[in-house]
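Before any comments, here is the structure.
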Amino acid sequence: MSSENLVHFEGVDKIYRRGGEELHVLSGLNLDVRRGEFLALMGPSGCGKSTILNLAGGLDVPDSGVVSFNGEDIGAMSESSRAAWRARNVGFIFQAYNLIPVLTARQNVALPLLLTPLSSAQRKVQAAKALQLVGLEDRSEHYPNQLSGGQEQRVAIARAIATDPAMLLADEPTGDLDAASAEAVLKLLKGLCREMGKTIVMVTHDPKAAEQADRTLKLDKGVLVQATHGAAH
Amino acid sequence: MPRIPFRLILAHARKNKLRALLTVGSVFMAVMIFGFLRTFIVGMETSLNECNAARVVTGSRLSLFAHVPIKLQPELKALAEDKALGITHFTWFGGIYLNSDPEHYWGRFGVDVESFRVVYGGDLNMPEGQWTKWSATRQGCIIGADLAKDEQLTIGSRVRVSGNIFPGELDLEVLGIYTSKVRSFDQKTMFFHWDYMNELSRKEGGRADVVSTFTMLLKSPQDAAPLCSKVDAEFESSPHRTLTMTERMFQAQFNAMWGNLPLFFGILGGVVLFACLMVTSNTMMLNARERVQETGVLKTLGFTAPMLLCMTMVESLLLCLLGGGLAMLLVQSVDGKMLMFVIASVPPSTVWTGLGIAALLGVLSGLFPALMVSRLQIVEALRRRA
Ligand SMILES: Nc1ncnc2c1ncn2[C@@H]1O[C@H](COP(=O)(O)OP(=O)(O)OP(=O)(O)O)[C@@H](O)[C@H]1O
Ligand SMILES: [Mg+2]
């Protein structure tokens, strides 16, 4: 593994068991995510894209093989140290935004900051900064149901970057959005990669979205079938 | 110490106001029932303990309202031999002050000042000067501090009470205001010279030379029981049959009147607490079920299983302690007041037990949801749609 890689999958197997049936989603997968790149993952539904993101972000662990981050084996960590590692290093963005409906935009963004040593005042400032970065400082007191889908997703991005993690994992972030909102979100992600050096892995079905990435990996039945380099360098 | 998102807990309660309110309300009711029940039982016990076992009260065997002649006093004294420190008497005057509204119907007794002080002086506080003045003034009276407040009377006020049991109108001047040292001594009572009311009644053609009860203060409570039997035996075949018992026996008899009621209420209280536990458990379970996805998100952000367990427990404890706390505030507010003829007594132990029950409700109803929430697998939780 070279130091230009942030995430490294080596011989990763993932098997789901349901009532005696085994489903081999990933078998011996090898994959590298380079530091500071914007990587797109494409492939048919059910091929294991979300599974890969979950493994990369330590939401789940492989059945065999190694997933490492900065050379550290994520699967070997205890549950609680993996949670702490996630809080420091990974920001998640979901298709369904997954904001907490009873909290305002600012409170949603400030939530992961509770896990940092920052004081309450510092957390406020940091949350405001993150909201400003996604252009929603004037919506900070709005609740999720008072925002449009595009705005909700931008708040979710602000929450993902609030703790300044090195890596962002986005699972179909534009899947529920109209074209214009999708474009804004993609522009934002690209900017975060270019200007703030975030490493981004994005799962998408949309070829137009994938075009924004530096590199696109195509997956089929848990096997990488094709890699293309985006024109956006 | 990890930081728990209190704001999130409060936000949930705000979002689901009705559910939170009903939960708090049910704990409030249950803990309140417990609190009042215990207050009543403790009140009975303390009333009993505060009652002087060395004071023996003799009255008519016929009823509480019948009279005994004053001429029994020397005979009683003789029966007590050297065991009594003093003997005094009380006479319930009744009558009407201002009008017949119940708030003006407080106790008023004719007494003999010197012996009253010997037998009951230890139960109340009053400046020496006021004792002296009252003793020397035939139409003087003293009143309790609560009565002074309620009727807005002060030293020098005139009090006119027209009699119904004893004819004639008492015309009294307030010469002293006392406070009680023991709760069993009422602060809403007036005392005046028996001589004055007796003469007045005689002049108006009413009954004279009678009292309601005699009280003897004994040197030792051990002498009380034999003396009681001795007195009642003595007057057994006289026209004035007596009933004699210690103040403490009187209270015990009164307490016994309630019989098994406290036990019945205790069982009822237990049932109510159990019903309350079901309400709070249901609330916390519903909360946990509705927040599966949110739990997944929190765990994704890096909140650990112990933190989420904590969060659920804190939420459950907050709801229950809020209800329990409000209930105990209400219960505490009756401390020292008369409650169903018993002086309510709310010692700190009642408050702590009430809060303890509330906390226990919180722990029991939060435990299973908290375990469920903390054990939830992130990937599973995120896949489930709310
Ligand atoms: N927890 C689970 N239990 C059982 N099977 C699962 C579980 N999670 C995923 N799977 C199965 O594993 C396969 C891969 O799932 P995954 O979510 O990674 O696919 P995906 O590529 O993200 O699909 P989509 O594009 O539809 O989101 C699917 O067939 C899915 O049904
Ligand atoms: Mg998926």
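So you know, we letter chains A, B, ... as the sequences are listed, proteins then strands, and number each from 1.
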Would you say [atom1] of [X] has more than 12 non-hydrogen atoms from neighbouring residues, nucleotides or ligands within 6.0 angstrom?
{"X": "B/K149", "atom1": "NZ", "result": "no"}
{"X": "B/K188", "atom1": "NZ", "result": "yes"}
{"X": "A/Y16", "atom1": "OH", "result": "yes"}
{"X": "B/Q152", "atom1": "CD", "result": "no"}

Pick whichever of A/A110, A/A83, A/P165, A/P101 has the most heavy-atom pairs under 4.5 Å with chain B.
A/A83

Highest number of heavy-atom pairs under 4.5 Å with chain B: which of A/V90, A/T163, A/D60, A/I100?
A/I100

Side chain to side chain contact (heavy atoms under 4.5 Å, CB included) evaluation trace for A/N98 with B/L382:
CA-CA 9 Å; A/N98 279 353; B/L382 289 176; 3.7 Å; yes

Most contact-rich option vs chain A, by heavy-atom pairs under 4.5 angstrom, among B/N16, B/I378, B/L298, is B/I378

Contact winner vs chain A - B/T300, B/L8, B/V297, B/T304, heavy-atom pairs under 4.5 Å:
B/T300

State, with a plain yes or no, whether a side-chain heavy atom of B/L301 is found less than 4.5 Å away from one of A/F92.
no

Heavy-atom side-chain proximity of A/L115 to B/M307 below 4.5 angstrom
yes

Does any backbone or side-chain atom of A/L99 lie under 4.5 Å from a heavy atom of chain B? Answer side chain, backbone, both or neither.
neither

Heavy-atom proximity to chain B below 4.5 Å, by part of A/R159:
side chain

To check you understand the geometry: which heavy-atom pair defines the closest contact between B/G302 and A/A87, and what is its length?
CA-CB, 4.1 Å

Say you draw a straight line from CG of A/L103 to CZ of B/R7; how long is it, rounded to the nearest 0.5 Å?
9.0 Å

How long is the straight-line distance from NZ of B/K299 back to CG of A/L59, given to the nearest 0.5 Å?
11.5 Å

Determine, step by step, whether B/R375 and A/E79 satisfy the salt bridge (Lys or Arg N to Asp or Glu O under 4.0 Å) criterion, reporting the C-alpha distance in whole Å, the side-chain angles of both residues, the deciding distance to 0.1 Å, and the verdict.
CA-CA 11 Å; B/R375 283 188 189 150; A/E79 192 105 16; over 6 Å; no

